[in-house]
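Chain identifiers are assigned alphabetically (A, B, ...) following the order of the sequence lines, protein sequences preceding nucleic acid strands; residue numbering begins at 1 within each chain.
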Amino acid sequence: MSGDAGTGREEPRMSDETTPGHRYTAELAGEIEARWQRAWEDQGTYHAPNPVGPLRGEVPEDKLFVQDMFPYPSGAGLHVGHPLGFIGTDVFARYHRMTGRNVLHTMGFDAFGLPAEQYAVQTGQHPRVTTEANIDTYLRQIRRLGLGHDERRRISTIDPGYYRWTQWIFLQIFNSYYDAEQGKARPIERLVERFASGDRTWDGKTWAQLSKAEREKVLNEHRLVYLSDAPVNWAPGLGTVVSNEEVTAEGRTERGNMPVFRRNLRQWMMRITAYGDRLIDDLDRLDWPEKVKSMQRNWIGRSHGAHVDFAVGEHEITVFTTRPDTLFGATYVVLAPEHELVEALVPAEWPAGTDERWTGGAATPAEAVAAYRRAASTKSELERQENKEKTGVFTGAFAVNPVNDERVPVFIADYVLASYGTGAIMAVPAQDQRDWDFATVFGLPIRRTVQPPEGFDGEAFTGDGPAVNSGFLDGMDVAEAKKAVISWLEEHGRGRGTINFKLRDWLFSRQRYWGEPFPIVYDEDGTPVAVPESMLPVELPEVDDYSPRTFDPEDADSEPSPPLSRATDWITVELDLGDGPKTYRRDANTMPNWAGSCWYQLRYVDPTDTESFCAPENERYWLGPQPSHGPGDPGGVDLYIGGVEHAVLHLLYSRFWQKVLYDLGHVSGEEPYRKLFNQGYIQAYAYVDKRGVYVPAAEVVERDGKHFFGDEEVRQEYGKMGKSLKNVVTPDEMCDQYGADTFRLYEMSMGPMEVSRPWATKDVVGAQRFLQRLWRNVVDEETGQVRVQDADPDEATLRLLHKTIAGVHDDYANMRYNTAGAKLIELNNHLTKNFPDGAPRAVAEAVVPMLAPLCPHVAEELWAKLGHGESLAHGPFPTADDRYLVEDTVEYPIQVNGKVRARVTVAASATQDEVKSAALAEEKVAALVGTTTPRKVIVVPGRLVNIVL
RNA sequence: GCCCCCGUAGCCCAACAGGCAGAGGCAGCCCCCUUAAAAGGGGUGGAGUGCCGGUUCGAAUCCGGUCGGGGGCACCA
């Protein structure tokens, strides 16, 4: 960790001569916390038993699996924002553990990744060394917080015992194909059997006639992991390729903000697109925030439409459209500049009478096209997006509209994206604004095929309406016309209905050192061969230089050179893979950072299993579908908490792997995370002086609404907590100054879990005062003796107690920790006021367990002081007695014309009529009503009476 | 440009399903303990819910508009 945390600020508050010796100070809290943390660890208090295997034990039917998003062990250590979610899951887990459920809660590390590698490049230290040191620091920091983790289940993605199984899953995916008929993944052998027994041929050869390399080439087209030469995102500045999901809207890398270029490179791809439908459809079965679901739907981007074939001479352009109903209004066709057909279409001369605006000033179509393509290829993604003015050139070719045999010009233009649909569109300017804009620039005809409503004065009309100028479609609405034209196209062999996805296959290789090696070798033909399971894991070799070759970030023509390719002893290997010892070449790429987090919930369940990645019995118990969640339950972690930033990356990849494993019969759940919850962020103020330099936020004081650093006024900013902003507050400091329980309580009291809020160290004391008062109600500060009273509490206290119990149950179960805390404070304030000589034992013995999920250490300590030998971790948690929840009498506010004028108390059993008469009889009300008859009297049972005059 | 979320006391936040605007904390103020101090104790004032309009007997809550803040998507055919 950064060595500066916890230094230089306020010293922990030490008790001096005048502080009572047994007051609940930070010092005492620290002592109690360390002691209980040790006791929990020694006794394995949070060990959750498994049905089978090394962690086997008695398993109650009622289980709960709570998971935090996989942390990356950063070298900077934790600030107070990081543990918010961890504490939230811990409170939830503790509450449910106390009510008797078998609760699985632990934490491991997603420890491969760029920062450790970059640090290694700088220092020459092995990334494993720095990563492991970071993990130690991280563990020490979270241990102080009293998180009830099953520490037997700690895992780390960089552990060969872990990545062995990451590689194993990779091989499962590699050895599968997607059977479109069955709608699921199946072993590749099934496909081989089909090919071998069928009469299909490849270039005239039957399966039996194909060479091994040729067969492998065919299978590569079907495997769920395959080698591709398609354009990928190459970031020369990072020396690696990255996935679509890792590229920002500005066309730069999410990590490092480096420019990205499209390059054809041979890379591993995962066929996630095969799962597009299921990834979208199954969102409906998940208890996730709508926001995240809609982000995933958006990313997958399913749209229903049609492919339509336009003949161009002997060639055919297939366009994708979501509006086949407007086909009669297609007045030109546009190809993306990169479209493979472009060159084949271009004639030698401009056709006679070609509009000057179409030629780009070039003498021949070939020149115009070449110039335009060159210009488009040098534009960055950002430039393409920023400039929304339509550009393009005519190819010189004409296509034939299949429905009306009309000749329409073919253009290339960069407003058509090569990577979406077929990279070609039919342009219908009357019904699409982009096409309208282009048509206007180039003077192309615009023909309405959907009648806009009367008075419509816009340009393109995209709404519903009757078809016009559309032959056999005339009069139909959009939906009808779509159906009709698709059947016409299918009948005439000119097109077909289709579903298109925005989602692309997942680029799965990186040219890095610090990641999982691929369990793949290449034979003398360059054919990839899976490393047998028995030889896993393929371990990372030692190298001298951890860095990939990086380049000038703008050098689009550079070539990736992964660090592993330089490990010459490792890269060449002699293996016997069944046909005798032969020399193979290893794959020099590593897997992306997301690989390890795609399946870690499965390993939490069975962390030490050496026979399988997770025993089926354990998987079914912790992660399988639950009857209590009704039919169609997809299974998964019961509560998964983390930030919203993983909405598409991790959460999409993880769902994909889960579905493959499900199809292959390795897991019983179709989804990895049944319920997802996004916690808010803790943000902080930062202060900038006149020079624009950040000053230490802890030393800034506020006077009259202005902020000063020393004598200088500074400007306040609000945002992230970070070293460079000089506003970091660490959990270590908070534990030193207040104790972990106070810190936990404060974080949970700041507001609901999902809300982002500003950190305010000065407010933490409120949580500490509460714990001190509670402590004092149970323990004599001078002697340390328990001072609870044995006499029975009075009726009012019992009523408040049981109301609190009922409320706190509800709050914990619904993650409303802020209101749970408030209810406990309210009850404690009542005790302080009414029982100056100590709380009644019966009440204290209920309050302490109710506090335990939020503040486990002090609760354990008080529970022990009250004479209990057993830890509170597994309960008891008090239950509310209904007797005290029903009131004998009810006080009704009486409104006259909506304003509260009086109150009246009646028996809780009073009928509405009785309440009404009691209200009307009340003197102030009677005076207001006078002799008139109220127009209306509304009695809301249990709440109020409103008299309308 | 399109879509989503949020505006309650000086600050962070409560208010079940439309029913008395305040549970809790910080800060403030008063008092007590103390030689003194407070991260000790006790007590206490304070907002009509960003703004405008509508529905309703009744609106923080529902609807429409508007302002402010945050987020997502952005030539996806």
Does A:Arg935 get its side chain close enough to the base of B:C57, under 3.5 Å, for a donor-acceptor pair?
no
Of all the choices, [options], which nucleotide is nearest to the side chain of [X] once you look at every atom?
X	options	answer
A:Asn829	B:G71, B:G24, B:C57	B:G24
A:Asn946	B:C75, B:C20, B:G19	B:G19
A:Lys502	B:G42, B:C75, B:C73	B:C73
A:Ser303	B:A77, B:G42, B:A39	B:A77
A:Ile425	B:A77, B:G40, B:C57	B:A77
A:Arg769	B:A77, B:G41, B:C75	B:G41

Interatomic distance, A:Gln768 CD vs B:A38 C1' [rounded to whole Å]
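Going from A:Gln768 (CD) to B:A38 (C1'), I get 12 Å.
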Can you tell me if A:Arg816 uses its side chain to pair, donor with acceptor, with the backbone of A:Ala813 under 3.5 Å?
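No, A:Arg816 side chain to A:Ala813 backbone: no donor-acceptor pair under 3.5 Å.
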Heavy-atom contacts, protein to nucleotides 7-14 of chain B, under 4.0 Å, summarised as B (base), S (sugar-phosphate only) or - (none) per nt, yield -----SSS
Should the ring pair A:Tyr685 and A:Tyr687 be called parallel, tilted or perpendicular, given that the plane angle runs from 0 to 90° and is split at 30 and 60?
tilted
Distance flag, aromatic centroids of A:Phe743 and A:Tyr738, threshold under 6.0 Å
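When the ring centroids of A:Tyr738 and A:Phe743 are compared, they turn out to be at least 6.0 Å apart.
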Syn or anti: how is B:G10 classified when any glycosidic angle within 90° of 0 counts as syn?
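Judged by the O4'-C1' to base torsion, B:G10 sits in anti, the angle falling more than 90° away from 0.
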